[in-house]
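Everything on this sheet refers to the single structure shown next.
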Amino acid sequence: RSNVALSVVKQFISGLESHVKDRNQFKNCLLPCAPTQTEGSRSDNTCFVFPFSQSQSLVKLSVGPTNLCFTFCCFSVGTFGTDFPQLIINQFKWLDKLLDSQDLVKKLMQLVSDSPVPIQHDIITSLPEILEDSQQSEVARELSCLLKQGRRLTVPILDALSHLDLDAGLMVRQSAMTIVPSVKLEDLPVVVKFILHNVKAADAVEVVSDLRKNLDLSSCDLPLKVLSFQKKVKSQVQASSSMSQVTTSQNCVKLLFDAIKLTVRLQKEVSEAWIKAIENSTSVSDHKVLDLMVLLLIHSTNTKYRKQAEKLLKSKVRLGCMPEQLMQNAFQNHSLVIRDFFPSILAVAQTFLHSGHPAVVSFGSCMYKQAFAAFDSYCQQEVVTALVTHVCSGNETELDVSLNVLTDLAVLHTSRMMRYTTFVKTILDSTQKLHPCQIRKLFCILSTLAFSQRQEGSCIQDDMHMVIRKWLSSTVPNHRQMGIIGAVTMIGSVALKSSLERPELDSERDCSLSFQLSNLLDLVGFCCEQTPEVLALYYDEFANLIEKQKGNLDLQLLVCYTSLVEDFPSDFVVDLSPTVDGSFLFPVKSLYNLDEDETQGAIAINLLPLVSQSIVAGVTGGMNSQSKRVVSPLCLSPCFRLLRFYTAEQNSGSLEEIDALLGCPLYLTNLEVEGKLDSLSKQEREFLCSLLFYALNWFREVVNAFCQQQDAEMKGKVLTRLQNITELQNVLGKCLATTPGYVPPPATFDSEALEAVSSTSAVGPVRKKTGKGKSLIVLQVAILVLPFTFQIATQREAENPLAKLQNYRLYFRELDLEVFTMLTCGLLTKSVLDTEMHTEFCEVVQLGPAELCFLLDDLCWKLEHMLTPSSTRRVPFLKASTDIGFSHLCQRSPKEVAVCVVKLLKPLCNHMENMHDYFQAVIQNRGAEGEPGVNIQEHMLMSSCYQQLLLTFRSLFAWNGFSQSENTDLLRSALQVLAGRLKPGEKEFLLLEDLISESFHYLLNFQQSVPNFHCAFMLTQLLITIAGKPMAGWKKEKIASLAKQFLCQSWVRPSGDREKGSQFNSALHTLLCIYLEHTDNILKAIEEISSVGVPELVNSAKDGCSSTYPTLTRQTFLIFFRVMMAQLESSVKSIPAGKPSDSSEKLLRWNIAVRNFHILINLVKVRLLFFLILPSCSQQSPYGRLFVEAFLKLAMPLLDYSFKKHRDDVQSLLKTLQLSTRQLHHMCGHSKIHQDIGLTSHVPLLKKSLEQFVYRVKAMLAFNRCQEAFWMGVLKNRDLQGEEILSQASGGSGSDEEDSAESPAEVPPLGLRGCNSLHRRGSGG
């Protein structure tokens, strides 16, 4: 029978072979011919059931029986065409049984190596459906080798591998990873999908890190760059080809991120791995566009990791690892992918705008701008809507940033922004929340859109005109000032040369613009005529407009419609004459004339008569409605500011036409007020104060105007004007001291300033009284907030104390940043000035100590306002009220201010070195002569200069903008100046860390010359700022040594008194914290102070101090005590928890810590220190509790494992701690007796910790099988001095209780006896 079957099979095969020689018949045999039969109809002899419910071909049906097996791989493709190989391969899929599967696989792999690429592709993709399970690993290894050999079969190989059950999956994945850098862009999505497919959690971070390292999207940017270049050279044919490549490239990148998105969504370990891989990258150069896009992808896809991705992105931006340029590359080169993350982009940008870090805020604003530029109209509308929402929210940070972004969009994308003017106009409904600087920005945006080339801007013009007319017609001062600001901003947009010189504008529109300008100027001028404050604001706004739009305004057009520039000479300048007609409160006298040799044609500022006129007008109710424009001294400085900007604009920066105003005198009165002020009436004193304020503000504006003139004579006059300012401030201080409640005339005229004036006038500055015979110095410098005073440090006289001019800072005109170029002038000490100033002209033009102090004081104010670190204030977006007096400064960015100060570093270093030499000479003279006669006034003045110099350096280098990568070059420039002072030479090629080290050494040299404790404190903080984070070990050691040196130094004023006061205490607190935080052994440092310094203080005289630490006195003991307790508690938390393998080193550290804790806790027993510590018990108690809690958490596990090896050490440690806990228990009793509310609130938590300590020690003994060593007793309630509280005394139980809390001999063997009294809740208190 078998022979018959074989012959039948042979006959069937032979017939089939002859049958399929025909092309069509062969094709019919390969195509499906019969449906799959169900189980119910299956016949054992005739039918077969195949998987996947497919119709089977004749060939497939023929090879189905187990005894039939043959192959058709021998047929030639050339004979039958390209469709047949795939049909032939399909016949081998899902066969129930193969007689020789190994031979089949071998032939298939041989065909792969010999066949054309299309057939290779078909065979490889069909392998998972042909192979048996036992063959998959072997074939996978062969495919991996094939993958490394060529790139043409990457996609089919990976597709096949992804469907195989791989035992050596890691090897295959590594093979795929190696081809990532060189694979074709269109194959990259498949490769990445394969690598991330079914990645295990244990390997996820490693796999993703390798993939991130090998995956580079820069190759995708090349077609876009080529297209951009071809567009520039206008190559249309090539540009069309490149455009197709760009589209293909972007589609491939989109498919790549679709693959990543799929794995992120389905496999949580992949999201974690991406976040971890990006987080582990620390170098700036390691970060890629891919990182930003993946974080946005995770944020938009996986809600569980959204916050984590956002937090990581913010951290990277703050550290400078994600610069804005990287984000710009992502938006410009991959907008098709980024578009899918648009909701996440809006959410992240909104969150970033709330940050206090300028780099993060800037990054968020840049995201808005890039999204608007790269996406479609829907996204643009959403961006504008989000920004308008930020503006209307009222949050200062969001408001300022959003207005800045809208301004940039209006300037850079005017035509696109025109579509969304309706949204921007809605901000006009929320102007009550905006301060003047923000009003300027808003109208700048609207004006840019309104006066663009498009006709659509006319509707905005109408709305702006209506709003401005409404505000100008209002009687509310705030509305009128907003109207002035908006009108001037709008006028500036109309008068731009670019707007008036466009050839495409027709004459009709040109006339329309001119007509609008004329009407607007007439309206503003009419509204300002009768109100000096509004007119002064008008002058200031016009001056700011000319300064901002240098060279871009058609000034001739503006002057045709207004006589603003002509107002000054007619209103405020008169011919100089010996007598002045009129009746005034004081006789008129010409003062401060620098041009006395020029008698012919001399002029003077008619100040005193104008002040008298304004006072009379105020008393009589002002001028009637028929009068012309009012002339008020309020407008003197603003009008001159407008005149000088207009003149400089017309004459290329030269002020020769108005240089007579620099040296001309003022009509004042005799200012020798010594002994005369008390005899004057209140009206006369207030008149004199107002006169001095006007004169000072005039000199300030004169200095602003002429400070940059290079002529030697003019420069000398400017320096003389600085001297006049310091002299007038002395006189003004004396006058204000005798005029309580006086409100000066305003110097800034926006709405905020007026509100500040009205609020101040309700109370007014109050005169301080001083005792007789005392000589007081106005030198008030805050320590933790940057302190600055407008009053130079001078000696007060007992009968006529000077007022604090810093209280009147808002009533002085603002100095421009350009004024500080005067710091380049040299410094002469007061002694030289006294002997030679009146004889040598060269001495007059030198910058004296008083003038230096004045300039440095104002510079410190400005830096504090613009460059304060985010830890103390949000910068650069400050609250509106803090902008008063800085309106000109706020129109600059923090970076512009930093650039100006960096340019001043060389003269500032010169002044620092001069201060160093001066105080070194003072110290040497004092040592040589014993007690020389120190000029106290000069010494305090120089000390103030020294301190302000240190503050200037610290404010600059503490600016957190230096953390941004775009400001690295600026930081290098600043550090090169400092490093070059120490070692002159080439510093351009030094690394940033080397520059920091050189600068650190340079500043460290000033430690020997600091004149007071405030300067010492500021120098220490400056060194910490320069050292940066993370701080090198040697720098940390230097700072600790320096802080200790200052703590061990006796600080005495020139008068002989020891330094003291709240400011000194605050600085001492911070400096002591710095010392303990930077020392290498904090426990040793605390022990040294508590065991050496404190006993020396106890044994000293009543007004004495510690000889080792002279800053430790009875007045400062509480500061030392609090800091040591806090730092001790903090330091023990840094000791790792105990482990079985720990050595005795940790036990030694805990022994020292417990000993220090015992010393500090028991200082209250010292009678001399009892009343000093008593007020701090409420603070001592929580520190004690926290120490005990840290001991329980970290030290007790160590004792568990150390008890058997170091029994004596453990027992000693517990005994010492038991004595301390006993004292803490006494504090609880003290709180009950004295009803100390502050201390009582801490008692429950403290008692709980002490009780936990008892049971934890018992558990430790049980762990070491020493339960018998634990014995529980009862502790009597005592006060802080150890005296028993009699109301709780018990005669019956006293035999088993402790009789003395101070006797260590009564402590049980393990020191546990005194701790368990907490169980006696009825007697504990």
Side-chain angles (χ1 to χ4, degrees), residues 1004 1007 1013 1016-1017 1019-1021 1023-1024 1027 1030-1051 1064-1100 1105-1114 1116-1136 1145-1164 1166 1169 1172-1173 1176 1179-1180 1183-1184 1186-1187 1190-1191 1194-1195 1213 1216-1217 1220:
L1004 196 62
Q1007 61 180 309
F1013 192 75
F1017 168 72
L1019 177 60
T1020 307
Q1021 286 198 323
L1023 288 169
I1024 293 175
M1031 190 181 298
W1034 68 269
K1035 294 178 188 174
K1036 197 172 182 180
E1037 182 181 350
K1038 289 286 186 182
I1039 289 175
S1041 175
L1042 182 65
K1044 183 177 182 181
Q1045 173 187 328
F1046 291 149
L1047 291 172
C1048 296
Q1049 186 172 337
S1050 179
W1051 299 98
F1064 173 80
N1065 292 341
S1066 299
L1068 179 62
H1069 180 280
T1070 307
L1071 192 65
L1072 183 57
C1073 289
I1074 291 173
Y1075 166 57
L1076 295 179
E1077 289 170 359
H1078 289 79
T1079 186
D1080 57 345
N1081 192 337
I1082 184 173
L1083 298 178
K1084 181 179 179 181
I1086 293 175
E1087 185 172 16
E1088 182 181 359
I1089 296 175
S1090 58
S1091 60
V1092 176
V1094 174
E1096 290 177 350
L1097 174 63
V1098 172
N1099 298 326
S1100 65
C1105 61
S1106 168
S1107 58
T1108 305
Y1109 296 91
T1111 51
L1112 177 58
T1113 64
R1114 283 170 172 77
T1116 61
F1117 168 76
L1118 197 55
I1119 296 172
F1120 275 80
F1121 181 78
R1122 290 173 179 170
V1123 171
M1124 288 190 292
M1125 285 291 292
Q1127 292 294 327
L1128 177 63
E1129 183 265 332
S1130 177
S1131 65
V1132 296
K1133 287 184 177 180
S1134 64
I1135 304 176
E1145 181 182 354
K1146 287 185 182 179
L1147 186 62
L1148 177 61
R1149 291 177 66 185
W1150 273 109
N1151 265 305
I1152 299 174
V1154 170
R1155 184 167 68 247
N1156 290 341
F1157 182 67
H1158 175 66
I1159 295 173
L1160 293 174
I1161 286 294
N1162 284 276
L1163 286 177
V1164 72
V1166 181
L1169 304 178
L1172 297 178
I1173 302 180
S1176 71
Q1179 298 178 9
Q1180 183 180 1
Y1183 285 131
L1186 293 174
F1187 183 90
F1191 186 87
L1194 303 174
L1213 185 150
T1216 306
L1217 184 59
S1220 303

State, yes or no, whether a side-chain contact exists between [X] and [Y] at a heavy-atom distance under 4.5 Å.
X	Y	answer
L1194	K1146	no
L1068	L1047	yes
L1217	H1158	no
E1096	Y1109	no

Within the side chain of [X], is there an N or O that forms a donor-acceptor pair under 3.5 Å with the backbone of [Y]?
X	Y	value
T1216	V1154	no
T1079	Y1075	no
Q1049	P1110	no
D1080	E1037	no
Q1127	M1124	no
T1116	I1119	no

Write down the atom of [X], the atom of [Y], and the distance for their closest heavy-atom approach.
X	Y	answer
H1078	I1074	ND1-O, 2.8 Å
L1083	L1128	CD2-CD1, 3.6 Å
N1151	L1213	OD1-CB, 3.3 Å
A1085	L1076	CB-CD2, 3.9 Å
T1070	Q1021	CG2-NE2, 4.0 Å
E1129	F1187	CG-N, 4.0 Å

For this session: Give a yes or no on whether a salt bridge exists between K1036 and E1077, defined as a side-chain N under 4.0 angstrom from a carboxylate O.
Result: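 A salt bridge is absent here (no side-chain N lies under 4.0 Å from a carboxylate O).
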Would you compute the distance between atom [atom1] of [X] and atom [atom2] of [Y] and round it to the nearest 0.5 angstrom?
X	Y	atom1	atom2	value
L1097	T1113	CG	OG1	7.0 Å
R1155	I1159	CZ	CD1	6.5 Å
S1041	L1004	OG	CG	8.5 Å
S1090	L1160	OG	CG	5.0 Å
K1044	I1089	NZ	CD1	8.0 Å
S1130	L1186	OG	CG	10.5 Å

Exercise. Taking the six-membered ring for Trp, are F1013 and W1051 parallel (under 30°), tilted (30 to 60°) or perpendicular (over 60°)?
Worked result: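 Perpendicular, since the angle between the ring planes exceeds 60°.
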For this session: Report the C-alpha distance between V1132 and W1150 in whole Å, list the side-chain angles of each, state the deciding distance to 0.1 Å, and finish with yes or no for side chain to side chain contact (heavy atoms under 4.5 Å, CB included).
Result: CA-CA 8 Å; V1132 296; W1150 273 109; 3.7 Å; yes
For this session: Verify side chain to side chain contact (heavy atoms under 4.5 Å, CB included) between T1111 and F1046, making sure each step is shown before the conclusion.
Result: CA-CA 9 Å; T1111 51; F1046 291 149; over 6 Å; no
For this session: Determine, stepwise, if the pair V1092 / E1087 fulfils side chain to side chain contact (heavy atoms under 4.5 Å, CB included).
Result: CA-CA 8 Å; V1092 176; E1087 185 172 16; over 6 Å; no
For this session: Could you give me the CA-CA distance, side-chain angles and deciding distance for Q1007 and K1038, then say whether side chain to side chain contact (heavy atoms under 4.5 Å, CB included) is met?
Result: CA-CA 11 Å; Q1007 61 180 309; K1038 289 286 186 182; over 6 Å; no
